[in-house]
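Accompanying notes for the structure given below.
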Amino acid sequence: MTEPRMYHPRLPLFWYLRRPSYVRYMLRELTCIGIGAYAITLAVGLLRLAQGPAAWQGFWQAFSSPAGVAFQVVALAFTLYHTVSWFQLAPSTMPIWRGETQVPPARIRLAHYLVFAVVSIAILLIVGF
Amino acid sequence: MARSNKPMLWLPFAAGGTLAAFVLPALMLSLLLAALGIFPTQAVSYERLQAFAGHPLGKGALLVFLLLLVWHAAHRLRMTLQDLGVRRLETRLWAARICYAAAAAASALIVYALWIL
């Protein structure tokens with residue numbers, strides 16, 4: 001018996017720079033860094049909130065410092081890219097069938113953006129007022 | 001068909017991705033506007049946030065929301081590391097361990113913060 005030989009595809013290290021669609025794919029996947037970093041920041045903020053007014057004040061000062069704002073802007077950009085790419089894929093990840101016909105992808109995406117708009121306005125109103 | 005534990009990972013991944021897509025941008029924008037002073041500072045005052053996060057419903061929402069975000073990000077990062085060149089079985093296993101260990105540590109932080117809140 002010979003050893004089974006596995007197929008090892010050889011890819012160049014920066015294979016994803018070869019085509020615009022690969023670049024978009026990689027950007028989409030890397031949005032998780034922005035989302036993860038921001039979620040951990042929120043978790044730290046929650047801990048500081050739990051530790052009392054002084055701790056919260058310190059967190060908020062760092063959060064609203066120029067570096068904190070820069071971080072927030074970058075994280076927001078990552079997350080918006082995530083939103084757009086998530087909605088773009090929605091018709092493929094959860095296709096909706098009505099009898100024998102499939103609901104058109106454009107309509108599924110539009111529904112996502114409508115819900116997104118309502119949710120976003122609601123959050124902005126609740127936090128801001 | 002072989003049984004797979006993958007759905008155990010897909011569910012938080014998809015739920016976290018969906019929450020991040022719908023809810024996170026507006027939440028980030030709200031906090032950014034507050035940080036820039038465009039929203040009143042009272043919007044993020046200690047009393048207000050403590051009242052929200054201290055309420056059982058707020059606590060539950062924060063718990064589910066933050067845990068799903070963290071596990072979504074960890075799972076996607078693990079998969080993306082493979083695309084970025086982590087291809088040997090051994091290194092891939094370590095990438096997975098590190099990603100999920102980080103998510104577990106963040107989860108512990110979230111649970112602890114909500115516990116003492």
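Just so you know, these numbers come straight off a predicted model, no measurement behind them.
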Please look at [X] and chain B and tell me whether the side chain, the backbone, both or neither of the residue comes under 4.5 angstrom of a heavy atom of that chain.
X      : result
A:L76  : both
A:V44  : both
A:S65  : neither
A:L11  : both
A:F129 : backbone
A:F14  : neither

Shortest non-hydrogen contact between [X] and [Y], atoms and distance:
X      : Y      : result
B:A21  : A:F87  : CB-CE2, 3.9 Å
A:L46  : B:L117 : O-CD1, 3.7 Å
A:A39  : B:L69  : CB-CB, 3.9 Å
A:F116 : B:P25  : CE1-CG, 3.8 Å
A:V119 : B:F22  : CG1-O, 3.6 Å
B:R48  : A:V127 : NH1-O, 2.8 Å

If you define the side chain from C-beta out and look only at heavy atoms, does anything of [X] sit under 4.5 Å from [Y]?
X     : Y     : result
B:T41 : A:W60 : no
B:D83 : A:Y16 : no
B:L27 : A:L42 : yes
A:E29 : B:R76 : yes

**Report entry** Residues, nucleotides or ligands: over 12 heavy atoms within 6.0 Å of A:Y113 OH
**Finding:**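 Enclosed.
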Query - More than 12 heavy atoms from other groups under 6.0 Å of CZ on A:R18 - result: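 It does not: A:R18 CZ has 12 such atoms or fewer within range.
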Requested in this report: Would you give the length of the straight line joining atom NE2 of A:H112 to atom OG1 of B:T18, rounded to the nearest 0.5 angstrom?
Outcome: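 One gets 7.0 Å once the value is rounded to the nearest 0.5 Å.
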Query raised in the report: Atom CG in B:L66, atom OH in A:Y38: separation rounded to 0.5 Å?
Result: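 One finds 10.5 Å between CG of B:L66 and OH of A:Y38.
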Heavy-atom cut-off 4.5 Å, strictly under: side chain, backbone, both or neither for [X] against chain A?
X     : answer
B:L84 : both
B:F39 : side chain
B:F52 : neither

Are [X] and [Y] grouped together when hydrophobic residues (ILVMFWY) are joined by side-chain heavy atoms under 4.5 angstrom apart?
X     : Y     : answer
A:V74 : A:L30 : no
B:L31 : B:L49 : yes
B:V70 : A:F78 : no
B:V64 : A:I35 : yes
A:L27 : A:V73 : no

Do you know which of [options] has the most heavy-atom pairs under 4.5 Å to chain A?
options                       : answer
B:L109, B:I116, B:L114, B:L29 : B:L109
B:G85, B:A34, B:A53           : B:A34
B:S45, B:G17, B:A35           : B:G17

Query raised in the report: Between A:W56 and B:E47, is there a donor-acceptor pair closer than 3.5 Å when you use the side chain of the first and the backbone of the second?
Result: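 No, because the side chain of A:W56 does not come within donor-acceptor range (under 3.5 Å) of the backbone of B:E47.
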**Report entry** Evaluation steps, side chain to side chain contact (heavy atoms under 4.5 Å, CB included), between A:L124 and B:L33
**Finding:** CA-CA 10 Å; A:L124 284 163; B:L33 290 175; 4.3 Å; yes
**Report entry** Top contributor to chain B interface from A:Q51, A:Q57, A:Q72 [non-hydrogen pairs under 4.5 Å]
**Finding:**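 Of A:Q51, A:Q57, A:Q72, A:Q72 has the most heavy-atom pairs under 4.5 Å with chain B.
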Query raised in the report: Most heavy-atom pairs under 4.5 angstrom with chain B, which of A:P53, A:G128, A:G36, A:S64?
Result: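 Between A:P53, A:G128, A:G36, A:S64, the count favours A:P53.
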Report task. Could you tell me how the ring of B:H72 sits relative to the ring of A:H82: parallel (under 30°), tilted (30 to 60°) or perpendicular (over 60°)? Result ->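 Judged by the thresholds at 30° and 60°, the geometry between B:H72 and A:H82 is perpendicular.
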